[in-house]
Amino acid sequence: DARLDWREGNLTADVDIQGEPLAGSRAPPIAVKLHGRSRDGVFVAEALDVKIPGMSALLSDPVEIDRHGKLKSQPSRFTFEANLSEQPWLQARGTLRGDGRIEAAEDGIAALDFSLAGDDVAVDQIAARRLEVAGRFAWPTLAIRRGKLTEPDGNEVTASGAWDLRTHELRDGRLSGAIGRAAVAR
């Protein structure tokens, strides 16, 4: 369901989308709710709520973006939560929770600072008693400032570095710690 109202060069948008995957697809159903408006070339996303089975993300403060993609609003916050066992496209368990802050980078384009943490997390054959990640995404760079994986037997692995999505280069990558047998499920 969507309602778009365009009057005198200004847009108001109320979108409520419920999507079901194609038969035989491993993709999950999705629900997106967005309320926003534009005025004088600036779009304001006042509310955004995205849900797929076992995963949700919620924007708590408005985000303003001009027609050139520059962020015009004060920093905004969002939260997310994921129950990995409910994800149909991967073998996983555990719950991840996190939050983020959307703010303008030096060039005015939106940047995202984020952190997430989870307990009893396992993906495929890799298991962790605790997982913590903090980083920043500012196109084209995904930077992990602090990553820490605590294995079921207590061993810890830490990581940091930056990946340039445009050039496919890793910068300042660091990995340290010990990987025990308990981290790799058989």
Minimum heavy-atom distance between Gly100 and Leu112, given as atom pair plus value = CA-CD1, 4.4 Å
Identify whether Ile102 and Leu165 are in the same connected component of the hydrophobic contact network (ILVMFWY, side-chain heavy atoms under 4.5 Å).
-> yes
Indicate the ring-plane relationship of Phe137 and Trp139, choosing parallel, tilted or perpendicular according to the 30° and 60° boundaries.
-> perpendicular
Taken to the nearest 0.5 Å, the spacing of Thr95 OG1 from Met55 CE works out to 11.0 Å
With side chain to side chain contact (heavy atoms under 4.5 Å, CB included) as the test, would you mind laying out the steps for His168 and Trp163 before giving the verdict?
-> CA-CA 7 Å; His168 305 282; Trp163 181 255; 3.8 Å; yes
Criterion salt bridge (charged side-chain N to carboxylate O under 4.0 Å, His left out) on Glu156 and Lys148, from CA distance to verdict = CA-CA 7 Å; Glu156 291 183 352; Lys148 181 177 169 183; 3.5 Å; yes
Main-chain N/O of Leu11 paired with Ser38 side-chain donor or acceptor, under 3.5 Å | yes
Do the non-hydrogen side-chain atoms of Glu20 and Ile30 ever get within less than 4.5 Å of each other?
-> no
Salt-bridge test for Glu151 and Arg129: reply yes if a basic N is under 4.0 Å from a carboxylate O, no otherwise.
-> no
Between Arg136 and Glu103, does a salt bridge (charged side-chain N to carboxylate O under 4.0 Å, His left out) hold up when you go through it step by step?
-> CA-CA 11 Å; Arg136 179 176 180 88; Glu103 63 184 3; 3.1 Å; yes
Test salt bridge (charged side-chain N to carboxylate O under 4.0 Å, His left out) applied to Asp66 and Lys72, step by step | CA-CA 7 Å; Asp66 73 12; Lys72 298 297 181 184; 3.7 Å; yes
If two hydrophobic side chains count as joined below 4.5 Å and joins carry through other members, does Ile17 share a cluster with Val50?
-> yes
Just by modelled atom types, is the Lys51 backbone N or O under 3.5 Å from a matching donor or acceptor in the Ser56 side chain?
-> no
Rounded distance (nearest 0.5 Å) linking atom CD of Gln91 with atom OG of Ser85 | 11.0 Å
Find out whether Thr150 and Asn155 are in side-chain contact, i.e. whether some heavy atom of one side chain is under 4.5 Å from a heavy atom of the other.
-> no
Test log, rule side chain to side chain contact (heavy atoms under 4.5 Å, CB included), inputs Arg174 and Thr158 | CA-CA 8 Å; Arg174 300 186 196 297; Thr158 60; over 6 Å; no
Supply the atom-to-atom distance Ser60 OG to Leu48 CG, rounded to the nearest 0.5 angstrom.
-> 11.0 Å
Which heavy atom of His68 sits nearest a heavy atom of Ile109, and at what distance?
-> O-CD1, 4.3 Å
Do Glu132 and Arg130 pass the salt bridge (charged side-chain N to carboxylate O under 4.0 Å, His left out) test, and can you show the C-alpha distance, the side-chain angles, and the key distance before you say yes or no?
-> CA-CA 7 Å; Glu132 300 172 21; Arg130 178 90 175 143; 3.2 Å; yes
For Arg39, does the CZ atom have more than 12 heavy-atom neighbours from other residues, nucleotides or ligands under 6.0 Å away?
-> no
Give a yes or no on whether the backbone of Gly54 and the side-chain of Glu86 come within a donor-acceptor separation of less than 3.5 Å.
-> yes
Any donor and acceptor pair, going by atom type alone, linking the side chain of Ser76 with main-chain N or O of Pro62 inside 3.5 Å?
-> yes
Do Leu58 and Val63 sit in the same hydrophobic cluster, where Ile, Leu, Val, Met, Phe, Trp and Tyr count as joined when their side-chain heavy atoms come under 4.5 Å apart?
-> no
Indicate, with yes or no, if Phe80 and Leu90 share a hydrophobic cluster defined by side-chain heavy-atom contacts under 4.5 Å among Ile, Leu, Val, Met, Phe, Trp and Tyr.
-> yes
For residues Arg93 and Leu84, report the shortest heavy-atom separation together with the two atoms involved.
-> O-CD1, 3.6 Å
Take Asp99 and Ser115, measure what side-chain hydrogen bond (donor to acceptor under 3.5 Å, both in side chains) needs, and give me the verdict at the end.
-> CA-CA 6 Å; Asp99 62 7; Ser115 64; 3.0 Å; yes
Flag yes if Phe78 and Val44 sit in one hydrophobic cluster, no otherwise; membership is Ile, Leu, Val, Met, Phe, Trp, Tyr, and two members link when side-chain heavy atoms are under 4.5 Å apart.
-> no
Above 12 or not: heavy atoms from other molecules or residues under 6.0 Å from CD of Gln74?
-> no
In this structure, CZ of Arg146 is separated from OG of Ser160 (nearest 0.5 Å) by 11.0 Å
Evaluate whether atom CG of Asp5 has more than 12 neighbouring non-hydrogen atoms of other residues, nucleotides or ligands under 6.0 angstrom away.
-> yes
Are Arg77 and Asp61 ion-paired here, with the side-chain N under 4.0 Å from a carboxylate O?
-> no
Indicate the atoms forming the closest heavy-atom contact of Asn10 with Asp40, along with that distance.
-> OD1-N, 3.8 Å
Rounded to the nearest 0.5 Å, how far apart are CG of Leu131 and CG of Leu116?
-> 6.0 Å
Before accepting this row, confirm whether a basic side-chain N of the pair Lys70/Asp107 lies closer than 4.0 Å to the acidic partner's carboxylate O.
-> no
I would like to know whether Thr12 and Arg7 meet side chain to side chain contact (heavy atoms under 4.5 Å, CB included); could you show each step before the answer?
-> CA-CA 9 Å; Thr12 300; Arg7 290 189 188 167; over 6 Å; no
Taking every heavy atom of Ala178 against every heavy atom of Val157, the minimum-distance pair comes out as O-CG2, 3.6 Å
Side-chain contact, heavy-atom cut-off 4.5 Å: Thr141 with Arg171?
-> yes
Do Glu81 and Asn83 have side-chain atoms, one donor and one acceptor, less than 3.5 Å apart?
-> no
For Pro152 and Ala128, work out which heavy atoms get closest and say how close.
-> CD-CA, 4.3 Å
Between Ser73 (side chain) and Glu64 (backbone), is there a donor-acceptor pair under 3.5 Å?
-> yes
Euclidean distance, Asp14 CG relative to His35 NE2, rounded to 0.5 Å | 5.0 Å
